[in-house]
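Since this is a predicted model, take the numbers as computed values, not measurements.
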Amino acid sequence: MPSLITRQSKLLLPLLTGLAGLLLVLTGVTQRLDYWFYDAALSHHTLQRAADDPILIEVDNHSLAEMGSWPWPRELHARLIDQLQYAKAVGLDIVLAESVMASSRPDQSLATAMQRNGKVVSPVFPESSGNTLTETRPIPLLAAASNRLGHTDFERDGDGVIRRVYLQAGLGSPDFPAFAQAILDVAQGRPAPALPALFESPGASWVRQQEVMLPFGKGEEPFQRMSYIDALASASKEEFRDRIVLIGVTATGLGDMHSTPVSDNASGMPGVVINAYLLHGLLHGDSIQPLSLPQQLGLTLLLIVLLDYLLSPWWRRRGVMPAYAVTALLLAAGSLMLLSWGRIWFAPASAILALLLSGFCRFILRQASLQTLATTDGLTQLANRRHFDEVFALSLERQRHASQPLAFVLLDIDHFKLYNDQYGHYAGDVVLKRVAHVLRESFQRKGELPARLGGEEFGVLMPGSTMQDALEAAEGFRQHLESLDLPHDGSPLHKVTCSIGVAARIPQPDDTYQRIYEDADGALYIAKRSGRNIVSPASR
């Protein structure tokens with residue numbers, strides 16, 4: 001039994017644990033744990049503002065108080081765009097999907113300012129209309145005046161929190177870069193691509209590619225904030241020279257608000273602020289690359305199988321669970337270091353949970369092995385005397401209360417001392433094992449318990465068996481052993497044989513384990529006195 005457990009522990013469990021880890025990844029059972037771990041890791045990542053970080057011009061409550069209710073005339077946006085003529089790139093994260101109905105002059109004024117600037121990026125995003133998904137862009141005049149379009153679509157995780165974005169997306173095909181990526185492309189002087197034609201196909205889906213995790217963190221925001229009114233009325237054009245500028249709505253109750261790991265989830269974070277974080281990460285190479293599903297599956301399987309295999313020798317030790325717990329902590333720390341230093345996100349929860357599950361299984365195996373060692377004779381692998389006595393006492397009470405018979409078979413190998421003297425103790429151990437094997441084959445009914453009681457003495461407990469049943473079973477065993485023709489020159493029969501005594505009855509109130517044992521022992525004595533190699537019943 002211990003050797004079987006060892007083989008299972010060494011080879012089978014790592015593979016089963018690895019498959020369990022893969023199943024956890026594929027079903028997403030541990031996603032919430034991974035989200036928690038990722039958010040906790042971000043809370044320890046400190047951000048610092050750099051001189052070239054973006055400037056966020058925000059339509060905030062202060063600007064609304066000064067300039068009136070939203071939306072504002074497009075001529076104001078045109079004035080601001082002209083104010084930003086020295087900026088490296090301008091991200092106008094404001095929805096301008098409808099024309100001003102009264103006159104075309106406001107739209108034309110803004111379009112002219114955007115053309116003069118030449119570095120304005122406008123947003124595009126998906127919207128649902130009934131069961132149809134549509135692509136919302138600025139009006140054609142403003143879209144044509146933009147340097148390029150960038151999508152402002154964010155991916156919500158299962159808990160409704162935004163942690164990731166796709167650098168390419170679009171309706172039907174991923175034609176548009178992320179808004180922050182488009183701004184960075186303008187700032188770095190990359191040529192503007194041709195504006196994709198408006199995609200109109202009922203039933204088309206929004207396609208996403210190139211997933212990245214948003215580089216949130218604690219500390220100072222990695223961008224400078226400036227109220228719209230201050231940028232328009234009091235800032236000089238030189239303040240924006242060679243800077244990247246984002247323009248968007250942050251006022252309470254206006255614009256898009258999203259739950260993020262670092263935002264007040266009651267109010268959320270404006271989309272333009274999320275884009276500012278992403279732009280900072282892209283600008284400084286600080287964005288986080290998640291593993292693809294095949295990579296996540298492969299690394300999870302590799303780590304689980306390798307670590308579990310290396311830990312498998314611990315299954316016999318008292319510290320098996322602490323060893324697995326420490327390894328799980330190291331795995332979590334490794335994921336944290338990979339995130340902090342390599343900016344790669346490996347979700348560790350599935351591997352950690354699978355390893356802890358394997359550690360628990362090995363702990364159970366260890367306990368089972370200890371229980372087996374405590375109740376099993378080491379040489380013959382039969383029950384030992386201590387376990388046999390415990391089971392005998394319980395069976396005696398149970399059969400007495402149920403008024404059911406209990407049989408006890410006691411046997412002794414004939415002339416065993418002479419066998420050891422002639423063939424040696426190693427050969428004697430082999431004979432003991434052979435006798436034990438025959439006992440297991442002969443007594444297989446439910447509840448029957450063969451045991452080595454000491455030396456060459458064996459016993460079999462047979463709950464529910466009458467004297468006749470026990471005698472027939474004992475005789476079958478005796479004949480089976482004799483038929484093996486195990487040589488024994490010290491015996492008159494020149495083969496290994498056994499003498500057997502049988503006691504069987506419905507236990508009475510005054511019956512004890514000792515009394516039944518003595519009855520069987522007396523029958524065994526009679527069997528030996530009668531020439532050995534026979535089965536003798538007790539007289540009562």
Side-chain angles (χ1 to χ4, degrees), residues 32 35-36 38-39 42-43 47 53-72 77 91-98 121-129 133-138 149-166 169 176 178-183 206 208 211-229 231 245-282 287-288:
R32 293 299 176 98
Y35 295 156
W36 175 86
Y38 181 78
D39 295 348
L42 287 184
S43 69
L47 299 176
D53 273 333
I55 298 174
L56 171 58
I57 297 177
E58 50 184 337
V59 180
D60 56 3
N61 293 329
H62 170 60
S63 298
L64 289 172
E66 294 290 330
M67 301 173 63
S69 61
W70 184 261
W72 295 332
H77 300 322
L92 185 60
D93 193 6
I94 296 175
V95 179
L96 301 169
E98 296 180 355
V121 176
S122 295
V124 59
F125 52 91
E127 276 192 311
S128 294
S129 177
L133 198 62
T134 61
E135 187 179 82
T136 299
R137 305 183 180 190
L149 302 182
H151 77 83
T152 55
D153 168 50
F154 303 116
E155 170 79 354
R156 292 184 184 276
D157 286 327
D159 58 354
V161 177
I162 290 177
R163 299 179 180 86
R164 67 193 74 231
V165 70
Y166 291 83
F176 298 100
F179 190 69
Q181 181 64 62
I183 295 170
W206 186 258
R208 295 163 169 159
E211 178 186 7
V212 295
M213 308 296 289
L214 288 161
F216 296 121
K218 67 176 183 178
E220 191 175 22
E221 287 182 328
F223 48 87
Q224 176 186 342
R225 288 179 182 255
M226 183 181 294
S227 289
Y228 192 108
I229 184 63
V245 179
L246 288 87
I247 306 169
V249 179
T250 63
T252 306
L254 296 179
D256 53 334
M257 293 290 181
H258 308 277
S259 177
T260 72
V262 295
S263 64
D264 178 3
N265 290 336
S267 58
M269 179 181 288
V272 68
V273 176
I274 296 176
N275 275 314
Y277 274 101
L278 177 59
L279 182 55
H280 166 82
L282 295 173
S287 57
I288 301 166

Compare every heavy atom of [Y] with every heavy atom of [X], then report the nearest pair and how far apart it is.
{"X": "Ser128", "Y": "Leu133", "value": "OG-CD1, 3.7 Å"}
{"X": "Val272", "Y": "Val249", "value": "CG1-O, 4.0 Å"}
{"X": "Leu279", "Y": "Pro54", "value": "CD2-CG, 3.5 Å"}
{"X": "Phe154", "Y": "Gly271", "value": "CZ-O, 3.8 Å"}

Any side-chain heavy-atom pair from [X] and [Y] closer than 4.5 angstrom?
{"X": "Leu149", "Y": "Pro138", "value": "yes"}
{"X": "Val273", "Y": "Leu56", "value": "yes"}
{"X": "Arg208", "Y": "Asp153", "value": "yes"}
{"X": "Leu282", "Y": "Ile183", "value": "no"}

Report task. Evaluate the side chain to side chain contact (heavy atoms under 4.5 Å, CB included) criterion for residues Leu47 and Tyr277: first the C-alpha distance (whole Å), next the side-chain angles of each, then the deciding distance (0.1 Å), finally the verdict. Result -> CA-CA 10 Å; Leu47 299 176; Tyr277 274 101; 3.6 Å; yes

Listed by chain and number, what are the side chain to side chain contact (heavy atoms under 4.5 Å, CB included) partners of [X], not counting sequence neighbours?
{"X": "Met257", "value": "Pro270"}
{"X": "Glu127", "value": "Phe125, Thr134, Thr136"}
{"X": "Asp159", "value": "Arg32, Tyr35, Asp157, Val161, Arg163"}
{"X": "Ala182", "value": "Val121, Arg148, Pro177"}

Throw together a table of side-chain donor-acceptor distances under 3.5 angstrom for residues 213-224, partners on residues two or more places apart or in other chains.
{"unit_1": "Glu221", "atom_1": "OE1", "unit_2": "Arg225", "atom_2": "NE", "d": "2.8"}
{"unit_1": "Glu221", "atom_1": "OE2", "unit_2": "Arg225", "atom_2": "NH2", "d": "3.0"}

**Report entry** Arg164 with Glu211: basic N within carboxylate O range, under 4.0 Å
**Finding:** yes

Between [atom1] of [X] and [atom2] of [Y], what distance do you get to the nearest 0.5 Å?
{"X": "Ile247", "Y": "His77", "atom1": "CD1", "atom2": "NE2", "value": "8.5 Å"}
{"X": "Ile274", "Y": "Asp93", "atom1": "CD1", "atom2": "CG", "value": "10.0 Å"}
{"X": "Thr252", "Y": "Asn61", "atom1": "OG1", "atom2": "CG", "value": "4.5 Å"}
{"X": "Phe179", "Y": "Leu246", "atom1": "CZ", "atom2": "CG", "value": "6.0 Å"}

Output side-chain donor-acceptor pairs under 3.5 Å for residues 63-71, partner residues at least two apart or in another chain, one line each.
{"unit_1": "Ser63", "atom_1": "OG", "unit_2": "Asp60", "atom_2": "OD1", "d": "2.8"}
{"unit_1": "Ser63", "atom_1": "OG", "unit_2": "Tyr228", "atom_2": "N", "d": "3.1"}
{"unit_1": "Ser63", "atom_1": "OG", "unit_2": "Ile229", "atom_2": "N", "d": "3.2"}

Query raised in the report: Taking His151 for the side chain and Tyr166 for the main chain, is one N or O donor matched with an acceptor at less than 3.5 Å?
Result: yes

